Amino acid sequence: ISGPMVTVEASSSDGKEQGVETSVTYYRLEEVAKRNSLKELWLVIHGRVYDVTRFLNEHPGGEEVLLEQAGVDASESFEDVGHSSDAREMLKQYYIGDVHPSDLKPESGSKDPLKNNTCKSCWVYWIFPIVGAILLGFLYRYYTLEIKSS
Ligand code: HEM
């Protein structure tokens with residue numbers, strides 16, 4: 001019974017020894033949605049899936065709020081509370097995988113939305129400031145030379 005759950009090797013070159021580190025398990029949202037009870041409780045925060053079943057009793061904010069977010073994206077509620085950095089650290093213990101890419105951006109179709117769209121404009125953000133700075137540098141030199149020579 002593998003269902004819609006998919007495990008993908010994130011790195012193929014040094015896969016064997018760090019198998020746990022280099023592979024990411026992707027979960028479909030429908031898979032997460034099934035874990036919505038006290039027996040098994042998953043939730044999504046910022047595209048990552050957390051199994052908080054054993055955390056229910058320990059959550060300082062109570063188990064009710066976690067139950068309310070069971071099986072769904074809890075990013076907003078999690079941020080609204082203004083959780084401490086300690087709380088954010090705690091997330092790591094419960095991390096079990098990522099939300100399947102096609103569930104993250106359902107409108108962008110099938111072909112590798114992460115690689116094709118996300119970074120298309122990345123370089124634009126830093127190339128303009130850098131080119132601008134270099135141009136300003138030349139302009140500055142040009143003008144100071146001009147003043148000196150006149
Ligand atoms: C795995 C996910 C979560 C972890 C590890 C976590 C952890 C914590 C921790 C450590 C605190 C104590 C205060 C702090 O350190 O910020 C806290 C408080 C709280 N949390 Fe969470 N939390 C999680 C998810 C959520 C979610 C999804 C909600 C939804 C509303 C929530 C609501 C609250 C509330 C209401 C408090 C009480 C704040 C207060 O008393 O001031 N938490 N949580």
Side-chain angles (χ1 to χ4, degrees), residues 1-140:
I1 307 170
S2 59
M5 195 175 94
V6 194
T7 303
V8 178
E9 288 289 323
S11 157
S12 53
S13 52
D14 53 358
K16 291 248 160 100
E17 280 177 19
Q18 301 167 310
V20 184
E21 310 265 307
T22 54
S23 72
V24 179
T25 306
Y26 290 109
Y27 297 100
R28 304 304 303 245
L29 288 182
E30 63 176 290
E31 197 75 10
V32 179
K34 290 179 197 161
R35 274 64 178 211
N36 59 358
S37 69
L38 285 167
K39 264 169 71 185
E40 213 181 6
L41 204 157
W42 296 3
L43 45 82
V44 176
I45 296 172
H46 301 312
R48 289 166 179 235
V49 183
Y50 300 95
D51 180 349
V52 293
T53 314
R54 62 199 161 89
F55 177 63
L56 277 176
N57 306 323
E58 298 164 28
H59 184 220
E63 59 179 38
E64 296 82 15
V65 286
L66 293 184
L67 267 170
E68 266 169 38
Q69 305 297 325
V72 301
D73 192 323
S75 312
E76 221 174 289
S77 343
F78 184 82
E79 293 303 337
D80 284 349
V81 173
H83 280 95
S84 63
S85 46
D86 276 353
R88 283 160 208 280
E89 274 296 307
M90 289 170 74
L91 281 177
K92 288 181 194 160
Q93 311 173 222
Y94 306 104
Y95 171 75
I96 54 168
D98 288 0
V99 173
H100 196 281
S102 42
D103 276 350
L104 281 177
K105 290 185 177 177
E107 76 277 15
S108 64
S110 56
K111 277 178 193 164
D112 220 351
L114 287 175
K115 271 183 192 160
N116 288 336
N117 295 333
T118 322
C119 232
K120 215 171 199 175
S121 52
C122 284
W123 62 275
V124 177
Y125 285 110
W126 54 263
I127 205 82
F128 278 112
I130 288 175
V131 170
I134 292 170
L135 274 177
L136 272 176
F138 276 112
L139 276 176
Y140 180 73

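Given the structure is predicted, the values throughout are model-derived calculations rather than measurements. Indexing begins at 1, ligand by ligand and atom by atom, following the structure's order.
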| message | Just checking Glu58: does its CD atom have more than 12 heavy atoms from other residues, nucleotides or ligands closer to it than 6.0 angstrom? | response | yes
Under 4.0 Å from [atom], is there any protein heavy atom?
{"atom": "atom 15 (O) of ligand 1", "answer": "yes"}
{"atom": "atom 33 (C) of ligand 1", "answer": "yes"}
{"atom": "atom 41 (O) of ligand 1", "answer": "no"}

| task | Spell out the protein N/O/S atoms under 2.8 Å from atom 21 (Fe) of ligand 1 as residue plus atom name. | result | His59 NE2, His83 NE2
Any idea which atoms of ligand 1 are less than 4.0 Å away from a heavy-atom of [X]?
{"X": "Met90", "result": "5 (C), 10 (C)"}
{"X": "Ala74", "result": "27 (C)"}
{"X": "Ser77", "result": "29 (C), 30 (C)"}
{"X": "Phe55", "result": "3 (C), 4 (C), 5 (C), 6 (C), 7 (C)"}
{"X": "Val52", "result": "1 (C)"}

| Would you call Glu31-Arg35 a salt bridge at under 4.0 Å N-O? | yes
| field | Lys/Arg-Asp/Glu bridge criterion (N-O < 4.0 Å) met for Glu40, Arg54 | value | no
| query | Between Phe55 and Tyr94, what is the ring plane arrangement, given parallel below 30°, perpendicular above 60°, and tilted in between? | reply | tilted
| request: Could you tell me whether Tyr94 approaches ligand 1 through its side chain, its backbone, both or neither, with non-hydrogen atoms closer than 4.0 Å? | output: neither
Test your reading of the model: is there a side-chain donor-acceptor pair from [X] to the backbone of [Y], 3.5 Å cut-off?
{"X": "Asp103", "Y": "Leu29", "value": "yes"}
{"X": "Thr25", "Y": "Gly97", "value": "no"}
{"X": "His100", "Y": "Tyr26", "value": "no"}

| request: Taking all heavy atoms of Leu56 and all of Leu41, pick out the closest pair and write down the distance. | output: CD2-CD1, 3.7 Å
| Between Asn36 and Ala70, which heavy-atom pair has the shortest distance, and what is it? | CA-CB, 3.6 Å
| note | By salt bridge (Lys or Arg N to Asp or Glu O under 4.0 Å), Glu63 pairs with (sequence neighbours left out) none
| Strictly under 4.0 Å, does any heavy atom of Leu91 approach an atom of ligand 1? | yes
| query | Between the side chains of Ser75 and Asp73, does any donor sit under 3.5 Å from an acceptor? | reply | yes
| task | Looking only at distances, please establish whether an N/O atom of ligand 1 is found under 3.5 Å from an N/O atom of Ser84. | result | yes
